[in-house]
Amino acid sequence: MSTRIVIKKNTYFDSVSLMSISTKANQLEGVEQAFVAMATEMNKGVLKNLGLLNDELEQAKNGDLMIVIKGASDAANEATLEAIEGLFTRKDSGNSRHEARYATLASAHHNIPESNLAVISVNGAFAAREARQALENDLNVMLFSDNVSLDDELALKQLAHSKGLLMMGPDCGTAIINGAGLCFANAVRRGSIGIVGASGTGSQELSVRIHEFGGGVSQLIGTGGRDLSEKIGGIMMLDAIQMLEDDPQTEVIALISKPPAQAVAEKVLARAQACRKPVVVCFLGTGETRQDEPGLQFARATKEAALKAVLLTGIKKESLDLHPLNWPLIEEVRARLKPEQKYIRALFCGGTLCDEAMFAALEKYPDVYSNIQPNPEYRLNDVNVSIAHTFLDFGDDDFTNGKPHPMIDPTNRISRLLQEARDPEVGVIVMDFVLGYGSHENPVGVMIDAIKEAKAIAAQDGRHLEMLGYVLGTDLDTPSLEKQCQMLTDAGVIWASSSTNTGLLAREFVCKEKAQ
C-alpha cells in the first residue's frame with residue numbers, strides 16, 4: 001500500500017462540499033481510503049485513529065486543506081489525486097455559470113440586498129462568528145455547523161430574538177422555508193401545516209407522513225437539537241410558534257423534538273396552549289401521552305402526530321391508508337428465527353429515526369443500549385461493540401467527527417452491518433435510507449452488496465438473518481421512493497411504511513410471545 005499526502009495552504013472549503021467530495025473520492029477505483037478535510041484538530045484526530053497522521057499533517061493549520069489518499073501504488077494514488085482535483089474543478093466551474101461568489105457575508109448581502117437568509121456551513125470554530133455577522137446584517141440564519149458552544153448558541157439566539165429573526169441551529173440539518181428545501185429536506189407539497197422541529201430527521205419524517213396522508217407543509221423551521229435544553233430554554237421554538245401563528249399560510253402547527261428538558265417542555269406547552277391556531281405536540285421519549293385539550297393535541301410518535309395534524313385540516317380519516325402492523329408477517333419472521341436470535345441491531349443514519357425505534361423497543365425490553373441512550377446506565381461505553389439490543393445513530397459525533405454524514409457516505413455503516421451479521425444472537429438488523437435534497441443519490445443501491453453479503457454470512461452459519469429497512473421519502477423525491485423500496489424487496493429485505501412502524505416491527509420480530 002502507498003500513501004499520498006497533499007496540504008493546500010490557506011484553502012478553505014465548507015464541510016458540506018468536503019463531505020460530498022470525500023464520498024466521491026472513496027468510490028474511485030483503487031482507493032482504500034481517501035480523506036479530504038480541513039486541518040482542524042478534530043480531523044487530525046481522525047487521521048491519527050486511521051494511522052495516517054504524520055508530522056507534515058500535524059503541522060497543518062486550521063485554514064489548510066488536507067488530501068490524504070491510501071491506495072495500491074504511487075501511480076494509483078496520483079491518478080486518484082488528479083480525479084479529486086477534478087471534483088473541485090467541476091464544482092467550481094459548475095457553480096460559476098449560475099451564481100456569483102463573494103468573499104464575505106457582508107459583501108454578499110451588500111451586492112444582494114434583497115437576500116434575507118444565510119445558510120452557514122463552516123468549521124465550528126468560526127461558525128458562531130459568521131452567524132453573528134449574518135444576524136447583525138438582519139439575515140435569518142440556518143446554521144448547519146456543529147461544535148458550537150452552548151454559550152455561543154444562547155447568545156446568538158438571544159440576538160436573533162431581539163431582532164425578530166430566525167436562528168436555526170447550530171447543527172440544524174433540515175428546513176423548508178416558503179417551499180424551498182434547505183440542506184437535508186424532502187420534496188413535499190405545499191399546504192397549511194407548519195412544523196417546528198428540534199430534530200432533523202424527525203422533522204423530515206413528520207413532513208413526509210403529512211404528505212403521504214394528503215396534507216401539505218407551509219413552513220418547516222428547524223431549531224437545532226439543543227434548543228429545548230435547560231440552558232437554551234426553547235428560544236427558537238417559542239419564536240417559531242409565534243412566526244407560524246402570524247403566518248397566513250399556516251393553519252395548524254406541529255412540534256417535534258427529542259426528549260426536552262422538563263421545565264422547557266412546560267414553557268413550550270404553555271405557549272402552544274395559548275396559540276390561536278391548533279397545535280400538535282410530539283416530544284419523543286417522554287413517557288405517557290398527556291390528554292388532548294382544546295387546541296392542543298399530543299402524540300407519542302411521528303406517524304400519530306402527522307395524522308392528527310392532517311385531520312385538523314379537514315382530511316377524513318376514513319380516506320387514509322394507515323398501514324396497520326402486519327401480524328401474519330410478524331409470525332412468519334418469528335418462525336424463521338432460532339431461539340437464540342433474540343436481539344435487534346439497528347444501524348441508523350437519522351438520529352430521531354433511531355430514537356423513535358429505540359423508544360419503541362424500550363416499551364418492551366429493558367436491555368436496550370445506544371450511543372444516544374438518554375439513560376447513562378445503558379449508554380454504550382464503546383460504540384464499536386454492541387450489547388443486547390443496540391441502536392446506533394451513525395450521524396452522532398461518535399461516528400461523524402471529521403467524516404461525512406452517513407446520509408452521504410455509507411462506509412461506517414457497511415462495516416458495522418457485516419460485523420453484526422456474524423453475531424449468532426442477532427435476529428433482525430434495522431436500517432434507514434433517507435431520500436431528498438442533500439442525501440446520497442442512491443442510498444439503498446449503495447448498500448445492496450453489503451446487505452447480500454450480510455445475509456450470506458448468516459446463511460453460511462445456518463441462520464436466517466432478517467433485515468428490516470425504512471426508506472424516508474415521498475413520491476416526489478429523487479431517487480424514486482418506489483424503486484428504492486423495490487430494490488430492498490429484491491434483496492430480501494422487509495421494508496416498513498413509516499418510522500413508527502419500523503420500531504414496532506423490529507421489536508415484535510424478535511419477541512418470543514405469540515403474535516396478536
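Ion pair Asp146/Arg226 not flagged as a salt bridge, since none of the NZ, NE, NH1 or NH2 atoms sits closer than 4.0 Å to an Asp/Glu carboxylate oxygen. Taking the charged nitrogens against the carboxylate oxygens, Asp227 and Lys157 do have a contact shorter than 4.0 Å, which makes a salt bridge.
Side chains of Arg416 and Ser386: a donor-acceptor N/O pair is present below 3.5 angstrom, by distance only. There is a side-chain donor-acceptor pair under 3.5 Å between Glu356 and Thr302.
For Phe509, the ring-ring contact (aromatic ring centres under 6.0 Å, His included) criterion is met by no residue, not counting sequence neighbours.
The two atoms that bring Phe433 and Met447 nearest to each other are CE2-CG, 3.8 Å, heavy atoms only. Residues Asn371 and Leu392 come closest through the heavy atom pair OD1-CA, 3.6 Å. Minimum interatomic distance between His323 and Ser497 (heavy atoms only, all atoms of both residues): CB-OG, 3.2 Å. Contact record, Met358 with Ser370: SD-CB, 3.4 Å, taken as the closest heavy-atom pair. For the residue pair Ala388 and Asp367, the shortest heavy atom distance occurs at CB-O, 3.4 Å. Closest heavy-atom contact between Ala306 and Leu206: N-CD1, 3.5 Å.
With Asn26 contributing its side chain and Thr411 its backbone, the two residues share no donor-acceptor pair below 3.5 Å. Glu420 contributes no side-chain N or O that, together with a main-chain N or O of Arg345, makes up a donor-acceptor pair within less than 3.5 Å. Without hydrogens or angle criteria, Thr174 side chain to Phe184 main chain gives a donor-acceptor distance under 3.5 Å. Ser439 contributes no side-chain N or O that, together with a main-chain N or O of Met407, makes up a donor-acceptor pair within less than 3.5 Å. Judged by distance alone, with hydrogens and angles left aside, the side-chain atoms of Glu205 form no donor-acceptor pair with the main-chain N or O of Thr500 at under 3.5 Å. When atom types are taken as modelled, the side chain of Lys338 and the backbone of Gly462 share a donor-acceptor pair closer than 3.5 angstrom. No donor-acceptor distance shorter than 3.5 angstrom exists from the side chain of Gln249 to the backbone of Ser192, with no hydrogens or angles considered. Not one N or O on the side chain of Asp475 forms a donor-acceptor pair closer than 3.5 Å with the backbone of Leu481. No side-chain donor-acceptor contact under 3.5 Å links Arg422 to the backbone of Ile457. Judged by distance alone, the side chain of Lys308 and the main-chain N or O of Phe298 form a donor-acceptor pair under 3.5 Å.
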Start with the C-alpha gap between Ile235 and Leu154, add the side-chain angles, then the distance that decides, and say whether side chain to side chain contact (heavy atoms under 4.5 Å, CB included) holds. CA-CA 8 Å; Ile235 293 174; Leu154 179 61; 3.7 Å; yes
Start with the C-alpha distance between Asn326 and Asn501, add both sets of side-chain angles, then the distance that settles side chain to side chain contact (heavy atoms under 4.5 Å, CB included), and finish with yes or no. CA-CA 10 Å; Asn326 186 337; Asn501 280 16; over 6 Å; no
Determine, stepwise, if the pair Glu153 / Lys231 fulfils salt bridge (Lys or Arg N to Asp or Glu O under 4.0 Å). CA-CA 10 Å; Glu153 178 174 350; Lys231 181 155 190 172; over 6 Å; no
Would you check, one step at a time, whether the test side chain to side chain contact (heavy atoms under 4.5 Å, CB included) holds for Cys183 with Val119? CA-CA 9 Å; Cys183 295; Val119 179; 3.9 Å; yes
Go through the steps to decide whether Ile177 and Gln219 satisfy the test side chain to side chain contact (heavy atoms under 4.5 Å, CB included), and finish with yes or no. CA-CA 5 Å; Ile177 305 298; Gln219 313 286 345; 3.9 Å; yes
Could you walk me through whether Lys277 and Asp247 pass the salt bridge (Lys or Arg N to Asp or Glu O under 4.0 Å) test, one step at a time? CA-CA 11 Å; Lys277 297 176 180 179; Asp247 177 24; over 6 Å; no
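The CG atom of Asn186 sits 6.0 Å away from atom OG1 of Thr474, with the distance rounded to the nearest 0.5 Å. Glu425 CD to Arg463 CZ: the interatomic distance, rounded to the nearest 0.5 Å, is 10.5 Å. One finds the CE atom of Met142 at 10.5 Å from the CE atom of Met167 (value rounded to the nearest 0.5 Å). Arg507 CZ to Ile344 CD1: the interatomic distance, rounded to the nearest 0.5 Å, is 9.0 Å. Here Ile448 contributes atom CD1 and Met487 contributes atom CE; the two are 5.0 Å apart, rounded to the nearest 0.5 Å. In this structure, Leu347 CG and Leu417 CG are separated by 6.5 Å, a value rounded to the nearest 0.5 Å.
Considering Val383, Val385, Leu380 as possible partners of Thr390, the one that fulfils the side chain to side chain contact (heavy atoms under 4.5 Å, CB included) test is Leu380.
Ring-plane geometry between Phe391 and Phe348 is classed as parallel, the angle between the planes falling under 30 degrees on a 0 to 90 degree scale with a further cut at 60.
Side chains of Phe213 and Leu307 form a contact here, defined as non-hydrogen atoms less than 4.5 Å apart. Using a 4.5 Å cut-off on side-chain heavy atoms (C-beta onward), Phe359 and Arg300 make no contact. His389 is listed as a side-chain neighbour of Val510, based on a closest heavy-atom distance under 4.5 Å. Side-chain contact check for Gln484 versus Leu488: every heavy-atom pair is 4.5 Å or farther apart. Annotation: side chain of Leu329 is in contact with side chain of Ile494 (closest heavy-atom distance under 4.5 Å). Contact annotation: the side chain of Pro443 approaches that of Pro479 to within less than 4.5 Å [non-hydrogen atoms, C-beta and beyond]. Using a 4.5 Å heavy-atom threshold, the side chains of Val280 and Pro278 count as separate. Proximity of Leu476 to His211: side-chain heavy atoms (C-beta onward) are separated by under 4.5 Å at one or more points.
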Which donor-acceptor pairs under 3.5 Å do the side chains of residues 252-265 make with protein atoms, sequence neighbours left out?
{"from": "Gln262", "atom 1": "NE2", "to": "Glu266", "atom 2": "OE2", "distance (Å)": "2.8"}

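Annotation: Asn375, atom CG; neighbour count of heavy atoms from other residues, nucleotides and ligands within 6.0 Å is above 12. More than 12 heavy atoms of other residues, nucleotides or ligands lie within 6.0 Å of NZ in Lys364, so this atom counts as buried by the packing criterion. Atom CD of Gln486 is surrounded by more than 12 heavy atoms from other residues, nucleotides or ligands within 6.0 Å.
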